[in-house]
Colleague: 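Sharing a structure below in structure tokens format, with a few things to ask.
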Amino acid sequence: MSDTHYKTAVIGDTASVSGFAALGLSVFCETDGTQISRLINRLAANDFAVIYITEPAAALAADTIKKYRSSRLPSIVLIPAIEGNTGDGMRALHEAVEKAVGSDILN
């Protein structure tokens, strides 16, 4: 049995992610694409099992996120931001559901 304690992070602009700290999540206020990519890699290497990231932040680090899509961990989940939503989070959710069950049951 492993003693690893997985953690959860949230990445995005301050207004969108600061409230998650009250839930006990590790919050990272970042809006620079290069820094977001480095942060994702660092979190992945340090036992973060789930990384929530705002859609605008995810768009800035798309290549890095794509690298982890086929990995078991971390699971990177797009969430809406206060402003600037792209709809990518909902599209990704639909794709994940369709991949898991064979059809998009959310429509």
Side-chain angles (χ1 to χ4, degrees):
M1 187 151 131
S2 173
D3 287 339
T4 303
H5 297 284
Y6 292 111
K7 300 171 270 192
T8 302
V10 184
I11 303 171
D13 62 279
T14 303
S16 298
V17 302
S18 59
F20 288 96
L23 299 174
L25 305 180
S26 298
V27 174
F28 300 90
C29 301
E30 188 58 68
T31 57
D32 176 78
T34 301
Q35 294 302 320
I36 292 167
S37 290
R38 288 181 182 152
L39 177 59
I40 291 169
N41 289 326
R42 192 170 72 239
L43 296 173
N46 286 289
D47 297 328
F48 280 82
V50 178
I51 301 172
Y52 293 103
I53 184 168
T54 62
E55 292 176 4
L60 298 173
D63 289 339
T64 301
I65 292 170
K66 191 179 296 183
K67 179 174 87 171
Y68 290 102
R69 285 284 180 227
S70 60
S71 300
R72 189 174 77 77
L73 293 176
S75 176
I76 301 177
V77 181
L78 277 61
I79 59 173
I82 297 291
E83 295 181 13
N85 294 319
T86 63
D88 288 341
M90 194 53 105
R91 276 191 294 281
L93 177 62
H94 283 269
E95 288 172 12
V97 168
E98 186 170 358
K99 183 178 179 182
V101 299
S103 66
D104 186 356
I105 60 173
L106 298 177
N107 275 332

Colleague: Does the side chain of Lys67 pick up a donor-acceptor pair with the side chain of Asn41 at under 3.5 Å?
Modeller: yes
Colleague: Out of the candidates Val17, Ile40, Ile79, only one should pair with Ile53 under the side-chain contact (heavy atoms from CB on, under 4.5 Å) rule; please name it.
Modeller: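 Result for side-chain contact (heavy atoms from CB on, under 4.5 Å) with Ile53: Ile40.
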Colleague: Measure the spacing between CG of Leu43 and CZ of Phe28 and express it to the nearest 0.5 Å.
Modeller: 4.5 Å
Colleague: Which label fits Phe20 and Tyr52: parallel for a plane angle under 30°, tilted from 30 to 60°, or perpendicular past 60°?
Modeller: parallel
Colleague: Hey, what do you get for CD1 (Ile36) to OG1 (Thr31), rounding to the nearest 0.5 Å?
Modeller: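 One finds 6.5 Å between CD1 of Ile36 and OG1 of Thr31.
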Colleague: Nearest 0.5 angstrom please: Ile11 CD1 to Gln35 CD, how far?
Modeller: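 If we round to the nearest 0.5 Å, Ile11:CD1 and Gln35:CD are 11.5 Å apart.
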Colleague: Over all heavy atoms of both residues, which pair between Ala58 and Leu78 is shortest? Give the atoms and the distance, please.
Modeller: CB-CG, 3.8 Å
Colleague: With side-chain contact (heavy atoms from CB on, under 4.5 Å) as the criterion, how do Ile51 and Tyr68 come out once you've worked through the C-alpha distance, each side chain's angles and the decisive distance to 0.1 Å?
Modeller: CA-CA 11 Å; Ile51 301 172; Tyr68 290 102; over 6 Å; no
Colleague: Is there a side-chain contact between Arg69 and Ile65 in this structure, where contact means two heavy atoms from C-beta onward sitting under 4.5 Å apart?
Modeller: yes
Colleague: Find the distance between CG (Asp13) and SG (Cys29) and round it off to the nearest 0.5 Å.
Modeller: 8.0 Å
Colleague: Taking all atoms of both residues into account, what is the closest heavy-atom pair of Ala61 and Gly33, and its distance?
Modeller: CB-O, 4.4 Å
Colleague: Testing the basics here: between Pro80 and Thr54, what is the closest heavy-atom pair and its distance to 0.1 Å?
Modeller: O-CG2, 4.2 Å
Colleague: Of the non-hydrogen atoms in Ala81 and Pro56, which two are nearest, and what is the gap between them?
Modeller: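 Nearest heavy atoms, Ala81 then Pro56: CB-CD, 3.7 Å.
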Colleague: Checking the side chain of Ser75 only, and the main-chain atoms of Val50 only, is there a donor and an acceptor separated by less than 3.5 Å?
Modeller: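 Side chain of Ser75 to backbone of Val50, a donor-acceptor pair under 3.5 Å: no, none is there.
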